[in-house]
Structures are given as C-alpha cells and as structure tokens.
Amino acid sequence: MSLWSEKVLQLLRRMNSFHSPGSSLEKCLRFEVGGQQVGWVPPNVVSVLCRFPEVFCPPHGGAVALCPGLDSLERRSAAVEAVLQELRDGGAFACLKGWRNERYAVMPRYCDAPLMHMERAATSLFGVKRYGVHVNGFSRDGNGNLSMWVARRSNTKQTYPGKLDNLAAGGLAAGCTVKHTLVKECEEEACIPASVAEKATPVGTISYTYEDEDGVFPECQFVFDLELPSNFRPEIGDGEVQDFYYYPIKKVKELLVSEEFKPNCAMVVLDFLIRHSVIEPDSEPYYQEFVASLHRSL
C-alpha cells in the first residue's frame with residue numbers, strides 16, 4: 001500500500017468512526033421526535049436531559065423522546081431551545097460555546113418535512129443529521145489539464161481555523177434551499193457573482209458519520225462542480241477565508257493527505273479526483289473502498 005493510499009484510508013476511517021468497532025454507537029440512545037428517530041444521544045448527554053422532564057421523556061426502550069405534548073415544530077423548537085440556552089449558560093457542554101444563532105432542520109431524512117429546528121452548535125449532542133453545500137472550483141488549460149481553487153480558512157473560524165477548504169462551502173440552514181445556499185456561499189466567501197455561481201453543476205453527495213468529544217456528527221454534503229475561466233480570480237469576501245490558492249490537480253492530490261485540509265473538505269476533493277479520473281481503479285487498489293467510504297448511510 002502506498003503512503004498516500006494509507007493516509008486516505010485513515011482519513012475515511014476517522015470520518016466514519018461512529019460505525020467502527022469500539023465506537024459509542026452501542027451506548028447511545030435513539031433520539032425520537034413524533035415517534036420517528038432523528039438522531040443518536042450519547043450517554044453523557046442523556047443524563048443531563050433527564051433534568052428536564054417537561055421536555056424529554058425518561059429514557060425507555062433504548063430511546064430518548066420529546067414529550068408528546070410538544071406536538072408541533074414551533075413548540076418542539078422553542079422547548080428545546082430553552083433547555084439548550086440554560087445548558088449554554090451553565091457551561092454544561094463545550095460545543096455550546098460555539099453558539100451561532102443558526103438553526104438546522106431536524107428530520108429523519110432530507111426528503112421528510114422538518115419536525116423541529118435546532119441550534120447548529122447543539123446538533124452533535126443529539127446526533128441529528130446536518131447538511132451542507134460544497135463547491136469545487138476548477139479550470140482546464142489548453143491541453144485539458146486540471147487545476148483547482150483551494151481556500152484557506154480564517155484563523156478566527158470556530159472550527160478548523162487556518163485549514164484548507166473548498167472554493168466555497170456552508171451549512172444548510174433551516175428554510176434554505178441547496179441552490180440558495182450555493183449562491184449565497186459563493187458570493188459571501190469568494191465574491192463569485194450569482195450569474196457565475198448558478199452555472200455550478202450538482203454532481204452528487206458525500207455522507208459520513210464521525211464522533212468526537214462534542215458528540216455525534218452524521219453529515220451529508222451536496223457537492224457541486226463549478227468550471228471557471230482560466231483567468232478567473234476569487235476574492236476574499238466575508239472574512240471566513242484568508243486566502244485562495246490555484247493549484248495543479250496533482251498538487252491538490254498531495255495536499256489532500258497532508259493534514260492541511262479540513263477533513264470533510266478533503267473528502268469532497270477525493271470525490272472530485274475519482275469522478276474526474278485523476279484516481280482510477282487499475283492504479284489505485286483501494287478505489288472501491290474510497291468510493292464506498294464517501295457514501296455511507298447516515
């Protein structure tokens with residue numbers, strides 16, 4: 001096995017750690033809303049939620065559920081928000097220090113109607129699915145050789161400061177469409193006009209579930225390819241990015257395993273390399289494992 005392949009496998013195992021042997025999966029309780037599972041609650045969170053019996057039913061049958069009296073999106077969202085604000089004020093969980101006042105929709109599947117909304121910073125405490133949009137910005141020279149735009153995150157970002165990122169990316173907030181988020185992030189982060197961003201092509205999704213000290217992270221990213229003129233230059237917009245680099249695709253492939261990349265952005269790049277035949281099955285023995293690990297069920 002090449003060192004590059006070994007490092008890619010390590011990345012993919014890390015990003016799918018929740019379903020790996022020895023994870024906390026067997027100890028977590030299902031999080032149920034309206035009789036439907038929408039997440040996984042780690043044991044340390046379950047014990048804290050038991051302090052709020054007016055919102056959360058006592059654990060039963062391997063699940064923690066919202067009280068049945070909370071029978072609408074508005075009531076559920078408001079009740080859980082009040083609990084989370086109290087836990088935030090009390091310093092109960094470190095992840096709540098990153099409170100963003102950004103709501104994510106909570107539902108069993110993306111195609112389902114939202115059952116409630118939840119503060120983004122708290123979603124890992126309940127293991128609810130998070131969705132986002134990532135854009136690969138690339139160009140080809142006269143010989144068809146690929147180069148890719150890579151962003152470096154601001155050093156003031158709450159998560160992964162200073163790491164390499166895709167050209168534009170962002171979480172899918174409650175009530176926002178994928179297309180709206182695509183155009184918004186391109187404009188805000190890279191000053192890409194809407195008329196250009198709208199030409200991005202949807203090319204699929206990547207999905208994975210990892211866990212860390214902040215909880216469980218089941219995530220799905222909607223991936224877009226945006227082919228740009230070779231003379232195009234993104235510009236720093238809202239300050240979430242500190243710089244942009246334009247690299248030959250071979251250089252991007254090397255950086256993918258360098259610990260420089262934000263991990264899920266590295267997965268988006270890996271997906272690009274596979275789809276554009278930079279990585280091929282006859283030259284990469286772990287090709288099938290790479291593909292499968294980019295598309296785990298949530």
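Owing to the predicted nature of the structure, the values given are computational and were not obtained by experimental measurement. For the single chain, residues carry numbers from 1 onward in sequence order. Both backbone and side-chain heavy atoms feed into the values below; hydrogens, waters and symmetry mates do not.
No hydrogens or angles considered: nothing links the side chains of Ser20 and Ser23 as a donor-acceptor pair under 3.5 Å.
Under the 4.5 Å side-chain heavy-atom criterion for grouping Ile, Leu, Val, Met, Phe, Trp and Tyr, Leu172 is not connected to Val268 through any hydrophobic cluster. The same ILVMFWY cluster, assembled from side-chain heavy atoms under 4.5 Å apart, contains both Leu256 and Met1. Taken together through direct or relayed side-chain contacts under 4.5 Å among Ile, Leu, Val, Met, Phe, Trp and Tyr, Phe272 and Leu228 form parts of separate hydrophobic clusters. Under the 4.5 Å side-chain heavy-atom criterion for Ile, Leu, Val, Met, Phe, Trp and Tyr, Tyr210 and Val223 are members of the same hydrophobic cluster. Leu49 and Phe31 fall within a single hydrophobic cluster, where Ile, Leu, Val, Met, Phe, Trp and Tyr are joined by side-chain heavy atoms under 4.5 Å apart, directly or via other members.
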Evaluation steps, side chain to side chain contact (heavy atoms under 4.5 Å, CB included), between Asp141 and Ser147: CA-CA 8 Å; Asp141 66 16; Ser147 292; over 6 Å; no
Pair Val269-Met148, side chain to side chain contact (heavy atoms under 4.5 Å, CB included): steps then yes or no: CA-CA 9 Å; Val269 172; Met148 177 179 277; 4.2 Å; yes
Trace of the side chain to side chain contact (heavy atoms under 4.5 Å, CB included) decision for Val241 with Asp165: CA-CA 9 Å; Val241 170; Asp165 205 323; over 6 Å; no
Worked verdict on His276 versus Phe138 for side chain to side chain contact (heavy atoms under 4.5 Å, CB included): CA-CA 11 Å; His276 289 266; Phe138 71 100; 4.1 Å; yes
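Under a 3.5 Å cut-off, the side chain of Glu189 and the backbone N or O of Ala169 do form a donor-acceptor pair. With Arg296 contributing its side chain and Thr209 its backbone, the two residues share no donor-acceptor pair below 3.5 Å. One N or O on the side chain of Asn16 and one on the backbone of Leu12 form a donor-acceptor pair closer than 3.5 Å. Judged by distance alone, with hydrogens and angles left aside, the side-chain atoms of Ser77 form no donor-acceptor pair with the main-chain N or O of Glu74 at under 3.5 Å. Not one N or O on the side chain of Ser24 forms a donor-acceptor pair closer than 3.5 Å with the backbone of Lys27. For the pair Gln242 (side chain) and Arg153 (backbone), a donor-acceptor distance under 3.5 Å is present.
Minimum interatomic distance between Asn155 and Pro161 (heavy atoms only, all atoms of both residues): O-CB, 3.5 Å. Val183 approaches Ala194 most closely through the heavy-atom pair CG1-CB, 3.7 Å. Contact record, Ser124 with Ala121: OG-O, 4.3 Å, taken as the closest heavy-atom pair. Nearest approach of Leu255 to Leu164, heavy atoms of both residues: CD1-CD1, 4.0 Å. Heavy-atom minimum distance, Gln221 versus Val133: OE1-N, 3.9 Å. The heavy-atom pair separating Lys253 from Trp4 by the smallest distance is O-NE1, 2.9 Å.
Cation-pi contact between Lys251 and Tyr247: present, with separation from the ring centre below 6.0 Å and deviation from the ring axis of at most 45°.
Side-chain rings of Tyr104 and Phe126 stay apart, their centers remaining 6.0 Å or farther from each other.
A salt bridge does not link Asp243 with Arg152: none of the charged nitrogens is closer than 4.0 Å to a carboxylate oxygen. Look at Lys129 and Glu219 and you find no salt bridge, because none of the NZ, NE, NH1 or NH2 atoms lies under 4.0 Å from a carboxylate O. A salt bridge is absent between Lys7 and Glu254; no separation between the charged side-chain nitrogens and carboxylate oxygens falls under 4.0 Å.
Rounding to the nearest 0.5 Å gives a distance of 8.0 Å between CG of Leu96 and CD of Glu119. Expressed to the nearest 0.5 Å, how far CZ of Arg30 lies from NE2 of His60 amounts to 9.5 Å. Expressed to the nearest 0.5 Å, how far OH of Tyr131 lies from OG of Ser207 amounts to 9.0 Å. Rounding to the nearest 0.5 angstrom, the gap separating the OG atom in Ser293 from the CE atom in Met267 is 7.5 Å. Atoms CD and CE, from Gln10 and Met15 in turn, are 14.5 Å apart once rounded to the nearest 0.5 Å. The distance from atom CZ of Arg109 to atom CD of Gln36, rounded to the nearest 0.5 Å, is 8.5 Å.
Around the CD atom of Glu227, the shell of radius 6.0 Å holds more than 12 heavy atoms that belong to other residues, nucleotides or ligands. Atom CZ of Phe232 has more than 12 neighbouring heavy atoms from other residues, nucleotides or ligands inside a 6.0 Å radius.
Using a 4.5 Å heavy-atom threshold, the side chains of Arg233 and Trp149 count as touching. Looking at heavy atoms from C-beta onward, Phe244 lies in side-chain contact with Leu167 at the 4.5 angstrom threshold. Between Phe52 and Leu87 the shortest side-chain heavy-atom distance falls below 4.5 Å. Side chains of His295 and Asp271 form a contact here, defined as non-hydrogen atoms less than 4.5 Å apart. At a threshold of 4.5 Å between non-hydrogen side-chain atoms, the residues Glu289 and Arg13 count as touching. Side-chain contact between Leu294 and Ile274 is present, with at least one heavy-atom pair separated by less than 4.5 Å. When side chains are defined from C-beta on, Phe18 counts as touching Cys28, because their heavy atoms get closer than 4.5 Å. Within the 4.5 Å cutoff, side-chain heavy atoms of Leu270 are placed close to those of Phe290.
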